[in-house]
Amino acid sequence: MSNFQNTTSSSIIFLLTGVPGLEDFHIWISIPFCFLYITALSGNSLILSAIVTQPSLHEPMYYFLSMLSTTDLGLSISTLVTMLGIFWFDARKISFNACLSQMFFIKLFTVMESSVLLAMAFDRFVAISKPLSYATILTDSRIAQIGVVIVIRGTLTLTPMVALLKRLSFCRSRVLHHSYCFHPDVMKLSCTDTRINSAVGLTALITTAGVDSILILLSYVLIIKTVLSIASPEERKKAFSTCISHIGAVAIFYIPLISLSFVHRFEKQAPPYVHTMIANTYLLIPPVMNPIIYSVKTRQIRRAVIKILHSKDT
């Protein structure tokens with residue numbers, strides 16, 4: 001058994017899946033995905049460039065936005081090679097170790113995005129509830145510490161989940177059902193008892209995105225309570241308007257995640273290509289939409305991005 005384990009953990013090859021039943025149209029399907037990747041990479045790069053180069057954006061809110069753009073870039077890059085490799089070259093093979101690495105980074109950037117959204121909710125709460133203490137509470141050093149904690153939290157939470165896959169044996173089909181390595185997908189192919197893996201994976205999900213979503217909701221309950229205590233309707237409207245972009249970012253992160261879980265739950269009733277297309281797009285929606293939302297809804301970001309684009313033209 002030990003020899004079999006060593007073989008599976010070092011030389012096993014998985015086969016990734018494109019869009020079942022639509023393999024002849026992969027080149028055409030790749031066009032919208034290429035557009036999404038270009039939009040995500042260029043949009044988040046512009047946001048980062050604007051925040052780094054424009055002194056007027058060196059404020060806590062925009063520092064957190066730069067963290068969000070960084071995680072979105074990481075999330076996009078994590079799936080780009082395998083997804084476009086399948087669509088363009090039918091490159092479906094991926095080694096076990098490469099699969100674990102991709103899985104780790106996809107999960108890490110997803111957890112980091114959830115954590116950053118929580119930090120941004122805290123930022124909005126402090127800005128609205130304690131405006132006079134805002135600068136003293138969210139100092140540059142404290143924001144840097146929050147960033148470090150976000151990375152460490154994700155790494156410590158996800159390392160056991162991915163490392164435990166090393167103990168599994170794979171004696172069934174080695175065909176994965178996504179264009180990237182997905183933790184439940186890999187577990188389904190194992191002929192070893194995966195109850196520990198499932199428990200650790202569920203614990204990681206609950207203690208990250210689960211806890212974050214509850215705390216974000218609590219933050220907005222406190223924000224609404226504070227805003228409703230403001231006497232002036234105009235001031236209430238102004239306070240709420242500073243949260244619109246963040247609410248949009250939270251929605252486009254959690255709604256696709258919930259949709260994917262729903263499709264997984266009822267996948268027998270849904271055509272295979274529906275399940276695959278949702279799985280392929282759910283990781284791309286936040287990286288694509290976040291720069292658009294913040295550029296449209298935040299005047300300072302919009303001006304900074306336009307300024308950078310004009311400087312490149314000249």
Side-chain angles (χ1 to χ4, degrees), residues 1-30 33-34 36-37 74-111 154-155 158-202 204-205 260 263-264 267-268 271-284:
M1 184 69 177
S2 60
N3 291 334
F4 185 72
Q5 286 272 57
N6 291 335
T7 301
T8 58
S9 64
S10 61
S11 60
I12 188 171
I13 299 295
F14 288 124
L15 293 177
L16 298 170
T17 299
V19 183
L22 300 177
E23 289 83 359
D24 293 339
F25 301 96
H26 274 180
I27 291 294
W28 295 105
I29 293 171
S30 73
F33 279 99
C34 282
L36 291 174
Y37 276 116
L75 203 52
S76 300
I77 293 169
S78 296
T79 60
L80 187 151
V81 175
T82 55
M83 196 177 294
L84 295 186
I86 291 171
F87 289 148
W88 287 350
F89 310 109
D90 196 32
R92 298 177 58 200
K93 293 182 179 180
I94 186 169
S95 69
F96 184 78
N97 290 330
C99 186
L100 292 190
S101 297
Q102 184 186 44
M103 183 192 305
F104 175 78
F105 283 109
I106 289 173
K107 288 286 188 180
L108 176 63
F109 288 117
T110 302
V111 167
T155 303
L158 298 174
T159 297
M161 184 189 78
V162 175
L164 280 171
L165 291 173
K166 282 274 192 180
R167 73 182 186 88
L168 300 182
S169 300
F170 298 91
C171 51
R172 301 174 188 168
S173 167
R174 294 177 183 176
V175 178
L176 300 171
H177 299 292
H178 296 79
S179 302
Y180 50 85
C181 287
F182 189 50
H183 183 256
D185 208 9
V186 174
M187 283 196 303
K188 286 179 182 177
L189 301 184
S190 174
C191 50
T192 313
D193 187 351
T194 60
R195 283 178 293 182
I196 294 176
N197 299 75
S198 298
V200 171
L202 181 61
L205 178 65
L260 182 62
V263 171
H264 265 292
E267 63 180 310
K268 292 182 180 179
Y273 64 85
V274 172
H275 177 266
T276 303
M277 292 299 286
I278 292 177
N280 285 346
T281 54
Y282 106 96
L283 290 176
L284 270 173

Exercise. What is the ring orientation for Phe14 with Phe96, classed by angle as parallel under 30°, tilted 30 to 60°, or perpendicular over 60°?
Worked result: tilted
For this session: Name the orientation class of the two ring planes belonging to His26 and Phe87 (parallel below 30°, tilted from 30 to 60°, perpendicular beyond 60°).
Result: perpendicular
Exercise. Out of His178, His177, His183, which residue meets the ring pair (Phe, Tyr, Trp, His ring centres under 6.0 Å) rule with Tyr180?
Worked result: His178
Within this structure, what is the [atom1]-[atom2] distance for the pair [X] and [Y], rounded to the nearest 0.5 Å?
{"X": "Leu16", "Y": "Ile86", "atom1": "CG", "atom2": "CD1", "result": "4.5 Å"}
{"X": "Thr159", "Y": "Leu164", "atom1": "OG1", "atom2": "CG", "result": "10.5 Å"}
{"X": "Leu75", "Y": "Leu284", "atom1": "CG", "atom2": "CG", "result": "7.5 Å"}
{"X": "Leu22", "Y": "Ile29", "atom1": "CG", "atom2": "CD1", "result": "5.0 Å"}
{"X": "Leu189", "Y": "Leu176", "atom1": "CG", "atom2": "CG", "result": "5.5 Å"}
{"X": "Leu158", "Y": "Leu205", "atom1": "CG", "atom2": "CG", "result": "10.0 Å"}

Considering all heavy atoms, the nearest [X]-[Y] contact:
{"X": "Tyr37", "Y": "Thr79", "answer": "OH-OG1, 2.8 Å"}
{"X": "Thr82", "Y": "Ser179", "answer": "OG1-O, 2.9 Å"}
{"X": "Ile94", "Y": "Cys181", "answer": "CD1-SG, 3.9 Å"}

Without swapping roles, check the side chain of [X] against the backbone of [Y] for a donor-acceptor pair under 3.5 Å.
{"X": "Thr192", "Y": "Ser169", "result": "yes"}
{"X": "Ser190", "Y": "Phe170", "result": "no"}
{"X": "Ser95", "Y": "Ala98", "result": "yes"}
{"X": "Ser78", "Y": "Gln102", "result": "no"}

Problem set entry | Derivation of the side chain to side chain contact (heavy atoms under 4.5 Å, CB included) call for Phe89 and Leu84 | CA-CA 8 Å; Phe89 310 109; Leu84 295 186; over 6 Å; no
Exercise. Would Val162 and Lys107 satisfy side chain to side chain contact (heavy atoms under 4.5 Å, CB included), going step by step from the backbone distance to the final call?
Worked result: CA-CA 10 Å; Val162 175; Lys107 288 286 188 180; 5.7 Å; no
Problem set entry | Pair Arg167-Asn197, side chain to side chain contact (heavy atoms under 4.5 Å, CB included): steps then yes or no | CA-CA 10 Å; Arg167 73 182 186 88; Asn197 299 75; 2.8 Å; yes
For this session: Inspect the surroundings of CD1 in Ile196 and state if more than 12 heavy atoms from other residues, nucleotides or ligands are less than 6.0 Å away.
Result: no
For this session: Tell me, with the steps shown, if Leu283 and Phe109 meet side chain to side chain contact (heavy atoms under 4.5 Å, CB included).
Result: CA-CA 10 Å; Leu283 290 176; Phe109 288 117; over 6 Å; no
